[in-house]
Q: 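First, the structure itself, so that you have it in front of you.
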Amino acid sequence: MKPIVRFVSRVLRKKRGSLLNNLLSIQVAVWNEVDGKTKLITAANFCQNGKFAVVGTYDGRCIFYTTDQLKYHTQIDVRSTRGKNSTGRKISGIEPMPNDDKILVTSNDSRIRLYDLRDLNLSCKYKGYVNVSSQIKASFSHDGKYIVSGSENQCIYIWKAYHDYSKFSSARRDRNDYWEGIKAHNAVVTCAVFAPNPDHTIRLILEREEEARRRLRADADQAQNAESSMVASSQTGHVLVSADFNGCIKVFVHKAKPKHSSLPASALA
């Protein structure tokens, strides 16, 4: 076993060296520099299918540059119009919305903001979580229906990206105070993300559970187990991964049941 381990180690070192040499041989094509008193960049991403590169700064600005020439295009001042959050705070995350011209901006004023890139107006502000000094970043679920974020109060927060406001008598359309929190950790939740392909993960979990049931149950129950597995494998849902300041990683799985089914609840469990 030892010669094999040494061989693998040598191969990895060789590949790493080759990659490093390739990176060092790449030349900078275009460059630019952030203007202003505070030039510290704290977040970066692409938006509109890579048309623009957007960076977030320590003083609460989102600055857009054309990707091909890195020329200044526009900027958003991420702050409230009044109150304690009227001064820009550090941008800790920038995330484009799936299948829409919008971006999600996380900042150290414990607010998450959704901006429409067509007019740079604020579409919605999400509140509830705590992010005063951490590099916590909010992100979307794979289908764009939900927003998730870690929090400094040891919780995971989830919002609906869009609410049916007809159900609320006095809710503001540009504010979202309706969230669900999960007390899942014993330290600051530094990261919480939805899996990009939850069906694959859920299918693997269901297959593993079915295999365990087959080993435990008698041969007479296998036909019923096979039917249950066939129904369950068609389920969809969401898979959530979170991590905290102490290095703890947790995975949460939500298996959504089919909306229309004549099968008993026991067959869908």
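In this text the structure is predicted, and so the values were computed from the model without any measurement. Values reported hereafter were calculated over all heavy atoms of this structure, with side chains retained and with hydrogens, waters and symmetry mates removed.
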Q: Any side-chain heavy-atom pair from Cys62 and Ile94 closer than 4.5 angstrom?
A: yes
Q: State whether the number of non-hydrogen atoms from other residues, nucleotides or ligands found under 6.0 Å of Asn99 atom CG is greater than 12.
A: no
Q: Between atom OG1 of Thr57 and atom NZ of Lys90, what is the distance when rounded to the nearest 0.5 Å?
A: 11.5 Å
Q: So, do Thr67 and Phe46 sit near enough that their side-chain heavy atoms are less than 4.5 Å apart?
A: yes
Q: Test side chain to side chain contact (heavy atoms under 4.5 Å, CB included) on Asn121 and Tyr115 and set out the steps.
A: CA-CA 6 Å; Asn121 284 333; Tyr115 289 96; over 6 Å; no
Q: Nearest 0.5 Å please: distance from the CZ atom of Arg61 over to the CD1 atom of Ile41.
A: 9.5 Å
Q: Walk me through whether Asp100 and Arg118 qualify under salt bridge (Lys or Arg N to Asp or Glu O under 4.0 Å).
A: CA-CA 10 Å; Asp100 206 339; Arg118 289 164 290 196; 3.8 Å; yes
Q: Is a side-chain N or O of Asn108 found less than 3.5 angstrom from the main chain of Ser134, in a donor-acceptor match?
A: yes
Q: What closest approach, in Å, do Pro98 and Ser141 show between heavy atoms, and which atom pair accounts for it?
A: CG-O, 4.1 Å
Q: List the atom of Gly128, the atom of Trp179, and the distance in Å for their closest heavy-atom pair.
A: CA-NE1, 3.5 Å
Q: Less than 3.5 Å apart, any donor N or O on the side chain of Arg79 or Thr87 sitting next to an acceptor on the other?
A: no
Q: Would Ile91 end up clustered with Tyr58 when hydrophobic side chains under 4.5 Å apart are linked, directly or stepwise?
A: no
Q: Would you sort out whether Glu210 and Arg214 count as a salt bridge (Lys or Arg N to Asp or Glu O under 4.0 Å), showing the intermediate values?
A: CA-CA 6 Å; Glu210 180 60 26; Arg214 288 178 179 175; 3.5 Å; yes
Q: Is it true that atom CG of Asn49 has more than 12 heavy atoms of other residues, nucleotides or ligands lying nearer than 6.0 Å?
A: no
Q: Nearest 0.5 angstrom please: Leu120 CG to Asp116 CG, how far?
A: 8.5 Å
Q: Should Lys250 and Asp244 count as side-chain neighbours, where that means a heavy-atom distance under 4.5 Å?
A: no
Q: Quick one: sort the Trp159 and Tyr129 rings into parallel, tilted or perpendicular, breaks at 30° and 60°.
A: perpendicular
Q: I need the Asn32 CG to Asp35 CG distance, nearest 0.5 Å.
A: 7.5 Å
Q: Cluster question for you: counting only ILVMFWY and a side-chain heavy-atom cut-off of under 4.5 Å, with indirect links fine, are Val193 and Val251 together?
A: yes
Q: So does Ile249 have more than 12 non-hydrogen atoms from other groups sitting under 6.0 Å from CD1?
A: no
Q: Please check this pair: side chain of Thr42 against backbone of Ser92, looking for a donor-acceptor N/O pair closer than 3.5 Å.
A: no
Q: Determine, step by step, whether Leu70 and His73 satisfy the side chain to side chain contact (heavy atoms under 4.5 Å, CB included) criterion, reporting the C-alpha distance in whole Å, the side-chain angles of both residues, the deciding distance to 0.1 Å, and the verdict.
A: CA-CA 9 Å; Leu70 213 59; His73 177 67; over 6 Å; no
Q: Begin with the C-alpha distance, continue with both residues' side-chain angles, and end with the deciding distance and a verdict on side chain to side chain contact (heavy atoms under 4.5 Å, CB included) for Phe252 and Ile156.
A: CA-CA 11 Å; Phe252 302 87; Ile156 301 169; 3.8 Å; yes
Q: Would you say the side chain of Lys125 lies within less than 4.5 Å of the side chain of Ser80, judging by non-hydrogen atoms?
A: yes
Q: Could you state the interatomic distance from CG (Asp109) to CG (Asn85), rounded to the nearest 0.5 Å?
A: 4.0 Å
Q: Return the minimal non-hydrogen interatomic distance between Val148 and Ala192, and the atom names on each side.
A: CG1-O, 3.4 Å
Q: Ile158 versus Leu240: any side-chain heavy-atom pair under 4.5 Å?
A: yes
Q: Less than 4.5 Å apart, side chain to side chain, heavy atoms only: is that true for Glu95 and Asn45?
A: yes
Q: Mark yes or no for whether Glu152, through its side chain, and Val132, through its backbone, hold a donor-acceptor pair below 3.5 Å.
A: yes
Q: Regarding Arg208 and Glu211, does a basic nitrogen lie under 4.0 Å from an acidic carboxylate oxygen?
A: no
Q: Taking Val253 as the starting point, is it possible to reach Val241 by hopping between hydrophobic residues whose side chains are less than 4.5 Å apart?
A: yes
Q: Any sub-3.5 Å donor-acceptor pair from Asn131's side-chain atoms to Ser107's backbone N or O?
A: yes
Q: Is Leu104 linked to Tyr157 within one hydrophobic cluster, defined over Ile, Leu, Val, Met, Phe, Trp and Tyr using a side-chain heavy-atom separation of less than 4.5 Å?
A: yes
Q: Does atom CD of Glu180 have more than 12 heavy-atom neighbours from other groups under 6.0 Å away?
A: no
Q: Any non-hydrogen side-chain atom of Ile103 less than 4.5 Å from a side-chain atom of Leu114?
A: no
Q: Can you give me the closest heavy-atom contact between His185 and Ser242, atom names plus distance?
A: NE2-OG, 2.7 Å
Q: Please check if Leu122 and Phe64 belong to a single hydrophobic cluster, counting links between Ile, Leu, Val, Met, Phe, Trp and Tyr side chain heavy atoms closer than 4.5 Å.
A: yes
Q: Measuring from Ser123:OG to Lys102:NZ, what's the distance to the nearest 0.5 Å?
A: 4.0 Å
Q: Should Lys51 and Thr66 count as side-chain neighbours, where that means a heavy-atom distance under 4.5 Å?
A: no
Q: Which heavy atom in Arg111 sits nearest to a heavy atom in Arg113, and how many Å separate them?
A: CB-NH1, 3.5 Å
Q: Does the gap between the ring centers of Phe194 and His238 come in under 6.0 Å?
A: yes
Q: Considering non-hydrogen atoms only, spot the tightest contact between Ser149 and Ile112 and give its length.
A: CB-CD1, 4.0 Å
